[in-house]
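Ligands are counted one by one from 1 in listed order, and the atoms in each one are counted from 1 as well.
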Amino acid sequence: MKIAIGCDHGGLEHKNAIVEHLKNRGFEVKDSGIYENHSVDYPDIAVKVCADITSGECELGILVCGTGIGMSLAANKVKGIRAAALSEHFSAKYTRLHNNSNVLCLGGRVIGVGTALELVDLFVDTEFEGGRHENRVNKVMAIEKE
Ligand code: RB5
C-alpha cells in the first residue's frame, strides 16, 4: 500500500516520525512536506496529499497540523476525500470500518508522537466493513453532487 502524507509547521515532528514508522513497516510513502520548520498554509499541503489519493497514486493519506482540524476541513472540500480528524484509538479504527475514511488528520499539538503512531497503525491496518455502511458512505459522497 502507498500512503500519501503531509504536514504544516504544527505537525512536522509527528509527520517525520510517521514517515519513518511506515517505511520501517514496509509501506511506500509519498511525503509532500513540509521538510523543515517554516510557516505554511495547511490547505496547500492538504490539496497536494488529497490529489495523490484522488489520482489513484496512493490509497490512504495522513495529514498533520496543530489540531488536525484545519487539515480535515480543507481535505473534506476535495471531491472523493473522506477525512477524519481524531485523537483516540476507537475512532481511528471505526472511521475505517464504518466511514471508509481515506485521510487521517492528526494534531501535533494535541497528541504525542507515540499515540500518533498507534492511531496511524489502526488506520492503515483496518479495512472498510462495507455491508450496511456502504449505502451510508454512498449517501455522504452523493452530497458532493448537490
Ligand atoms: C497553525 O498555527 C495552525 O493553525 C494549524 O496547524 C492548524 O492547527 C489548523 O487547524
Side-chain angles (χ1 to χ4, degrees), residues 1-128 133 136-146:
M1 188 197 292
K2 188 169 177 182
I3 297 170
I5 190 165
C7 69
D8 74 357
H9 48 285
L12 181 59
E13 182 193 352
H14 289 56
K15 187 269 290 177
N16 287 339
I18 294 166
V19 169
E20 189 186 349
H21 178 71
L22 288 172
K23 284 183 176 171
N24 286 341
R25 284 198 53 193
F27 289 101
E28 199 178 344
V29 180
K30 182 169 180 185
D31 182 357
S32 288
I34 54 176
Y35 309 105
E36 53 193 47
N37 198 5
H38 61 100
S39 183
V40 290
D41 298 332
Y42 57 81
D44 297 337
I45 305 293
V47 162
K48 282 187 193 176
V49 167
C50 291
D52 289 335
I53 295 165
T54 56
S55 71
E57 183 182 348
C58 296
E59 198 173 315
L60 296 175
I62 299 168
L63 289 165
V64 193
C65 62
T67 60
I69 296 171
M71 286 293 197
S72 70
L73 293 178
N76 278 314
K77 296 289 182 192
V78 178
K79 284 191 167 61
I81 294 301
R82 293 174 298 280
L86 53 86
S87 56
E88 38 69 39
H89 296 68
F90 187 88
S91 298
K93 180 175 177 181
Y94 276 83
T95 200
R96 289 285 305 129
L97 278 175
H98 287 187
N99 310 130
N100 200 15
S101 288
N102 50 12
V103 176
L104 171 65
C105 301
L106 300 172
R109 296 170 183 158
V110 179
I111 56 171
V113 169
T115 299
L117 298 183
E118 289 188 2
L119 299 181
V120 164
D121 281 344
L122 276 171
F123 188 78
V124 302
D125 290 340
T126 305
E127 292 282 332
F128 179 47
H133 302 292
R136 295 167 186 166
V137 172
N138 288 342
K139 285 187 176 183
V140 171
M141 300 319 285
I143 298 170
E144 288 180 347
K145 300 191 180 82
E146 287 174 11

_Salt bridge check, Lys2 against Asp52: does any charged N sit closer than 4.0 Å to a carboxylate O?_
no

_Between the side chains of Asp31 and Lys23, is the shortest nitrogen-to-carboxylate-oxygen separation below 4.0 Å, so that they form an ion pair?_
no

*Do any nitrogen or oxygen atoms of Gly10 lie less than 3.5 angstrom from nitrogen or oxygen atoms of ligand 1?*
no

*Structural part of His9 in contact with ligand 1, heavy atom criterion under 4.0 angstrom*: side chain

_Working for side-chain contact (heavy atoms from CB on, under 4.5 Å), residues Leu86 and Phe123_ = CA-CA 11 Å; Leu86 53 86; Phe123 188 78; 5.6 Å; no

Write out the residue and atom name of the closest protein heavy atom to [atom], then the distance separating them to 0.1 Å.
atom                    : result
atom 9 (C) of ligand 1  : Tyr42 CE2, 3.5 Å
atom 2 (O) of ligand 1  : Arg109 NH1, 3.2 Å
atom 10 (O) of ligand 1 : Gly70 N, 2.9 Å
atom 8 (O) of ligand 1  : Thr67 N, 3.0 Å
atom 5 (C) of ligand 1  : Asp8 OD2, 3.2 Å

*Is it the case that more than 12 heavy atoms not belonging to Glu20 sit under 6.0 Å from its CD atom?*
no

*asked:* Around atom CD of Glu28, are there more than 12 heavy atoms from other residues, nucleotides or ligands closer than 6.0 Å?
replied: no

*Mind telling me whether His98 and Tyr94 have parallel, tilted or perpendicular rings, with 30° and 60° as the class edges?*
perpendicular

*asked:* Which of the numbered atoms in ligand 1 are under 4.0 angstrom from any heavy atom belonging to Gly66?
replied: 5 (C), 6 (O), 7 (C), 8 (O)

